[in-house]
Amino acid sequence: MPAARKSSRNPAARVGAMLLAAIGLGAWMMLDRTDQDQDQASAACAAPRPTDPPNYAALCAALNRPDLPGLLGTPQGRVLSAGPALLAFGTDATVEVRLGTSVVSLTDSSTTVKDIADMPEFRPRPTAVLGHGALTYTTSTVTLGSGGGPQTLFVHDLPGATPSPAATDDRTSPGSGAPVRNLVVAQDPKAPGGRAFDLAVFHTNGQPVDDALLHQVAAAVMPTLPGWVATPSDPSGSASATSH
């Protein structure tokens, strides 16, 4: 998830920060277990650690739902890992679920819809989710090599590169890795400058993510999250989670 606007947007500084974080997280490379027995059950959410934000468990449970593979268009898929996103900056709770070539992340974010709207380099496009103001935008992954082969990781911060001058399609990632489609949605429809949920999806094989799929996942997951304020467009109605 992009950091708040007050963060440094110096590309070289961000690349350095990402690489330092990656070096310190060598154990993360064990999480991409694509060679596991496909007959095994889908992975449950990792237990919260003392350092995880208090709302990590609720966020992970909401995203790692039984129908997530179907929502992503791969009903026979199996979750390989689900837990805190290790390459995340800041204190916002961020979870990441990996299944097959798809990676989905969800952040309970202090970066608002208004913040993203003021970042034209990510080509934000206005949209809505169940009556809540929202934006789609594009970021990118980084690919790191290791003894177990290259790993594609989503760094939950502003990418360390500016958009390519040749990039004219809003689905083209502004970084050098796989394109990541992001959907940031205001938790309270009356407060676009308040906290938001940010959903991000990418494919490790570099395939683009369909925006309809992104909206489908968001419409199913977000009404189940603590902090979501229901509207008449929300089928969960007043039974949805209450605000912070």
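T231 contributes a side-chain N or O that, together with a main-chain N or O of L130, makes up a donor-acceptor pair within less than 3.5 Å. Between the side chain of D92 and the main chain of S110, a donor-acceptor pair closer than 3.5 Å is present. For the pair H203 (side chain) and G100 (backbone), a donor-acceptor distance under 3.5 Å is absent. Listed for the N64 side chain is a donor-acceptor partner under 3.5 Å among the backbone atoms of A43. Remark: the backbone N or O of P84 is not paired with any side-chain donor or acceptor of E96 at under 3.5 angstrom. With D210 contributing its side chain and L213 its backbone, the two residues share a donor-acceptor pair below 3.5 Å.
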*Run the numbers on L106 and L225 for side chain to side chain contact (heavy atoms under 4.5 Å, CB included), then give the verdict.*
CA-CA 11 Å; L106 180 65; L225 295 170; 3.9 Å; yes
*Between R181 and T138, does a side chain to side chain contact (heavy atoms under 4.5 Å, CB included) hold up when you go through it step by step?*
CA-CA 5 Å; R181 284 301 278 172; T138 304; 2.6 Å; yes
*List the steps and the verdict of side-chain hydrogen bond (donor to acceptor under 3.5 Å, both in side chains) for T139 and N182.*
CA-CA 7 Å; T139 53; N182 300 258; 2.8 Å; yes
*Might you work through the side chain to side chain contact (heavy atoms under 4.5 Å, CB included) test for V104 and L72, ending with a clear yes or no?*
CA-CA 9 Å; V104 187; L72 292 170; 3.6 Å; yes
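In this structure, Q187 CD and D108 CG are separated by 4.5 Å, a value rounded to the nearest 0.5 Å. The line from CG of L63 to CG of L199 is 7.0 Å long, rounded to the nearest 0.5 Å. Summarising the geometry, atom OG1 belonging to T101 is positioned 4.5 Å from atom CG belonging to N205; distances are rounded to the nearest 0.5 Å. Taking CZ of R65 as the start and OG of S42 as the end, the distance is 14.0 Å to the nearest 0.5 Å.
Taking the side chain as every heavy atom from C-beta outward, H132 and W228 approach each other to under 4.5 Å. With a 4.5 Å cut-off on side-chain heavy atoms, V184 and Y137 count as touching.
The nearest pair of heavy atoms linking P189 to V229 is CD-O, 3.7 Å. L71 and Q216 get closest at one heavy-atom pair: O-NE2, 2.8 Å. Taking all atoms of both residues into account, the shortest heavy-atom contact from G77 to P69 is O-CG, 3.7 Å. Of all the heavy atoms in A117 and L135, the pair that sits closest is N-CD1, 3.4 Å. Listed here is the closest heavy atom pair of A93 and L59: O-CD2, 3.4 Å. Smallest separation of non-hydrogen atoms from C45 and A61: SG-N, 3.8 Å.
Remark: the S109 side chain and the R195 side chain contain no N/O donor-acceptor pair separated by less than 3.5 Å.
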